[in-house]
Amino acid sequence: HLVGLGLSETMNYSFVSQGLLDRFGRDDEARRVALPDPVSADHGLMRDSLIPQMAESLGRNAAHQQLDAACFEIGRVFFRNAGAIGEEDRLCLGLMGRQPGAGEVSEEILFLRLKGLLEELARIQKAPAPELTAATHPAFAEGWCTSVCLGGESVGLLGLLHERIRHEWRMPSPVAVCEVRLDPLLEAVFTAPTFSEIPVYPSVERDLAAIVDASVRHGDIVRVIESGAPVELTSVDLFDIFSSDDIGKGRKSMAYSLTYRSAEQTLTDEAVNRLHAGIVERLKKELR
């Protein structure tokens, strides 16, 4: 699926140098697994993340004037956990340079391209839609680091590499990377789809716009709408985000299209208006 999305696979040894890991932060140094008799100093530790080698791989491409790349690696990482050595499989994605459909290279384009790839991969694997929340990490640029959650569980990081790290490999343009645990992505991959009868009765759409604090996310609004929603509500689609001085500083308007349909009868305008009003009232009570 990743190859089909336009990425190329990279493969690296599980042994790395301390210097490579130190470039990406030393806060978790106590969790590293050192080899008692390494072949060389460049292979003295077991990797605890796939991101350092992904950055190194992209840097080697850049050194050979290959400035446009989209890569992935699936591999195992190792770490100490309460004295014992643990291991888990992870997926790492890395992007740099021009991307399909984009004529320029920018931080925003790379970030959104990587976010879109992860979302599409999750959809194909039948995993929950990824949710991103602001995070910090010494390897990521300030303001460009997010925590990735699947089904409410934090599974990794996504963002842009810090300029300090790019400078190590003389990469002039932004570099986007993502690392997530593999198991949560694969939990539902073999789940058989269930059959739903083709609707007989027509659907009815209603729009609503909510003016909320700038910190409110799309997922927050959807959760409020779907909590206690009537069975007739079949879809919630965001179609516009707008902000201006008229709305207020630190505020934004988010517009949604809600679709209602009954499996038993044709819905009247009065019935739909009643259902819609209940959702509007719940949004007024629970959102800022």
Side-chain angles (χ1 to χ4, degrees), residues 5 95 98-123 127-136 140-152 154 157-160 174 176 178 202-261 267 269-288:
L5 290 172
L95 304 180
R98 292 171 296 180
Q99 299 300 308
E104 59 177 322
V105 178
S106 72
E107 294 175 329
E108 184 176 8
I109 287 175
L110 276 179
F111 183 90
L112 293 178
R113 166 69 171 163
L114 187 58
K115 175 176 177 286
L117 287 171
L118 183 62
E119 289 174 344
E120 179 63 10
L121 180 64
R123 185 192 67 80
E131 294 187 5
L132 306 184
T133 57
T136 58
F140 288 81
E142 184 177 356
W144 289 103
C145 178
T146 60
S147 174
V148 179
C149 293
L150 291 178
S154 178
L157 295 172
L158 182 151
L160 302 182
C178 171
S203 63
V204 181
E205 292 187 359
R206 289 289 187 272
D207 294 343
L208 67 82
I211 298 177
V212 296
D213 189 86
S215 63
V216 175
R217 299 173 298 167
H218 166 64
D220 299 328
I221 295 179
V222 172
R223 274 192 291 273
V224 173
I225 292 176
E226 292 182 344
S227 62
V231 294
E232 291 84 0
L233 179 65
T234 58
S235 68
V236 179
D237 298 306
L238 173 68
F239 67 84
D240 185 53
I241 301 177
F242 176 75
S243 60
S244 71
D245 293 337
D246 294 335
I247 294 177
K249 186 177 181 180
R251 308 284 286 175
K252 62 183 177 182
S253 172
M254 301 183 71
Y256 291 83
S257 177
L258 278 61
T259 302
Y260 300 88
R261 188 198 303 268
L267 293 174
D269 284 342
E270 292 78 7
V272 174
N273 291 340
R274 186 171 59 255
L275 297 173
H276 196 67
I279 291 176
V280 171
E281 287 301 316
R282 190 158 56 250
L283 285 169
K284 288 180 179 179
K285 291 179 181 179
E286 299 190 28
L287 291 180
R288 294 182 292 158

Ignoring hydrogens, what is the shortest heavy-atom contact between [X] and [Y]? Give both atom names and the distance.
X      : Y      : result
Leu150 : Pro130 : CD2-CA, 3.7 Å
Pro174 : Leu110 : O-CD1, 3.0 Å
Leu160 : Ala176 : CD2-CB, 3.6 Å
Ser235 : Asp237 : OG-OD2, 3.7 Å

Residue pair Ser147 / Ser154, side-chain donor-acceptor N/O under 3.5 Å: yes
Can we say [X] and [Y] salt-bridge, meaning some charged N sits less than 4.0 Å from an Asp/Glu carboxylate O?
X      : Y      : value
Lys252 : Asp240 : no
Glu232 : Arg274 : no
Lys285 : Glu281 : no

Test item: [X] and [Y] side chains (from C-beta on) under 4.5 Å apart, heavy atoms:
X      : Y      : value
Pro230 : Leu275 : yes
Tyr256 : Ile221 : yes
Leu157 : Thr146 : no
Leu208 : Leu258 : yes
Leu233 : Ile225 : yes
Tyr260 : Glu205 : no

With rounding to the nearest 0.5 Å, note down the distance linking [atom1] in [X] to [atom2] in [Y].
X      : Y      : atom1 : atom2 : answer
Glu286 : Ser227 : CD    : OG    : 5.0 Å
Asp207 : Ser257 : CG    : OG    : 4.5 Å
Asp220 : Met254 : CG    : CE    : 8.5 Å
Cys178 : Leu114 : SG    : CG    : 5.5 Å

So, the side chain of [X] versus the backbone of [Y]: is there a donor-acceptor pair under 3.5 Å, distance only?
X      : Y      : result
Arg251 : Ile211 : yes
Asn273 : Asp269 : yes
Arg98  : Glu104 : no

Run Leu117 and Leu95 through side chain to side chain contact (heavy atoms under 4.5 Å, CB included) and show every step you take. CA-CA 10 Å; Leu117 287 171; Leu95 304 180; 4.0 Å; yes
Kindly check if the number of other-residue, nucleotide or ligand heavy atoms within 6.0 Å of CD (Glu108) is above 12?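 No, the 6.0 Å shell around CD holds no more than 12 heavy atoms from other groups.
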Side chain to side chain contact (heavy atoms under 4.5 Å, CB included) between Arg206 and Val204, worked out: CA-CA 7 Å; Arg206 289 289 187 272; Val204 181; 3.2 Å; yes
Is there a side chain to side chain contact (heavy atoms under 4.5 Å, CB included) between Lys284 and Val280 once you walk through the steps? CA-CA 6 Å; Lys284 288 180 179 179; Val280 171; 3.8 Å; yes
If you apply the rule salt bridge (charged side-chain N to carboxylate O under 4.0 Å, His left out), what do you find for Lys115 with Glu119, and how did you get there? CA-CA 6 Å; Lys115 175 176 177 286; Glu119 289 174 344; 2.7 Å; yes
Would you please test Arg217 and Thr133 for side chain to side chain contact (heavy atoms under 4.5 Å, CB included) and show each step? CA-CA 9 Å; Arg217 299 173 298 167; Thr133 57; 2.7 Å; yes
Trace of the salt bridge (charged side-chain N to carboxylate O under 4.0 Å, His left out) decision for Arg223 with Glu131: CA-CA 12 Å; Arg223 274 192 291 273; Glu131 294 187 5; 3.1 Å; yes
